[in-house]
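Written out below as structure tokens is the structure these notes cover.
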Amino acid sequence: MANYREMWEQLGMDLENHDNLCAVLPTAFGDVYLSQENRPESMDFWDMVVADIHGIRPAELIEEQKKGRKVFGTFCVYVPDEVVIAADGIVTGLCGGSQFWVPDGEAVLPKSTCPLIKASVGARLGKTCPFFRIADMYVGETTCDGKKKAWEILGKDVPMYVMDMPQMKRAKDVTKWMEEVEDFAAVVEKTTGKTITPEKLAESIHIINEKRKALARVYETRKADVIPISGKDALLMMQIAFFDDPERCAQMANRLADELEQRVKDGVSVFPAGTKRILVTGTPMAIPNWKLHHIIETSGGAVVCEETCTGTRYFENLVDETGTTLEEQYRAIAERYMGIHCACFTPNTERVDDILRLAKEYKVDGVIDVNLKFCCLYDTEGYVVEKALKEAGIPVLGIETDYTDADAEQLRTRIEAFIEMLG
Ligand code: BJ8
């Protein structure tokens, strides 16, 4: 890692503790990623980003702040990036995916809280993540109860705006979400000092759609019989998409897609023929949570698709670009985002439809339904998901895990047995 100590110091970070994190990350990345064979060359971009994950992008964000731009930190795929970008703001994801941050989260939250929330709160309060120090404003949402209450705690430490999510998807709920998007736009305008015009919003809608299309192109190649990229590498691309500049993200994902499309034509696979194709569904995997993918892909399986928020839920469906007035555009944004099917909605039958569709499209041999410990939403929805898969004749394994390694061997045993059974 290059030397960014001065920058971290100026951000008020706990340098001593941060050193501990910096000490383990390269080894973890080396063990999980660099040990893979025949990786696509284009992954060099993401390797470089991870190697300096707390340096390069934070330094860029600070440079932009010096020019007067504002950084908005978000935790959920329902928060519309388009609105922020239309006001010349910058969005960065803030979800915590490391056990390292959990103890600082547990200092203020019940232990029986989902690790994603504990890590996100801990990353801020423990002062060990530059992204959490840089963001001028945090944007939360009322998706799950744990998050809702966590925002109240974070709101004491940092400017926090919370978007009120509907719980259902009736026409009136879409209208309510549209109003919520408009309210958010007013807050963004006030924070950035910039006015959102239809022209600027059209431009930002286009930018984010292009990013979605590029990510989708990479996923498309994973439907082929040969598997041109590991699930771990695809996951890494998705995780960094939340932090990166959207235009660069699209450019890099398109470059990777070019290479993968060529690999498919040439019959190049990163797994031996006959490797079992796995769809992972469930709770998101924030960086650096690579645990499940690593276990699957070192147990005889290949992850070919993720029906998660660090997977298809992030990029499927585009915002309609034909609107010319702000009202039409906010409506189009609301409609696209309400097409994401998170377990926080009821009913949420569309998610089951998505999983069955994706299982077919990606020609999977089996599905692993993963739940982050204490996420009651996905845990409960697991019942209908797994029932529907069994009825469709698709083998499914439900697992619950957290960010620790305590259950890694037990998981490996179960996953190996599941993959063997697929044979
Ligand atoms: S749209 S999945 S990003 S809410 S795993 S914190 S739900 S207790 S992350 Fe999520 Fe938005 Fe839904 Fe996606 Fe709560 Fe569950 Fe934890 Fe979760």
Do other residues, nucleotides or ligands put more than 12 heavy atoms under 6.0 Å from [X] [atom1]?
{"X": "Lys149", "atom1": "NZ", "value": "no"}
{"X": "Gln262", "atom1": "CD", "value": "yes"}
{"X": "Glu350", "atom1": "CD", "value": "yes"}

Quick one: are the ring centres of Phe72 and Tyr161 less than 6.0 Å apart?
->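 Centroid distance Phe72-Tyr161: not below 6.0 Å, so no.
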Between Phe345 and Tyr78, is the gap from one ring center to the other below 6.0 Å?
->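 Yes, they do, as the ring centres are separated by less than 6.0 Å.
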Pair Arg255 + Asp44: basic N to acidic O under 4.0 Å =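 Yes, this pair counts.
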Does Asp145 come within less than 4.0 Å of Lys148, counting only side-chain N to carboxylate O?
->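 Lys148 and Asp145: salt-bridged.
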Reference residue His18; test side chain to side chain donor-acceptor pair (under 3.5 Å); the match among Lys127, His54, Arg5 =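 Among the candidates, only His54 passes.
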With sequence neighbours left out, what residues match [X] under salt bridge (charged side-chain N to carboxylate O under 4.0 Å, His left out)?
{"X": "Lys66", "answer": "Glu63"}
{"X": "Glu400", "answer": "none"}
{"X": "Lys211", "answer": "none"}

In terms of side-chain heavy atoms, does Gln239 have a donor or acceptor partner in Trp46 at a distance below 3.5 Å?
->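 There is no such pair (donor and acceptor under 3.5 Å, judged by atom type) between the side chains of Gln239 and Trp46.
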When you check the side-chain N and O atoms of Tyr314 and Glu306, is any donor under 3.5 Å from an acceptor?
->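 Absent: no donor and acceptor within the cut-off.
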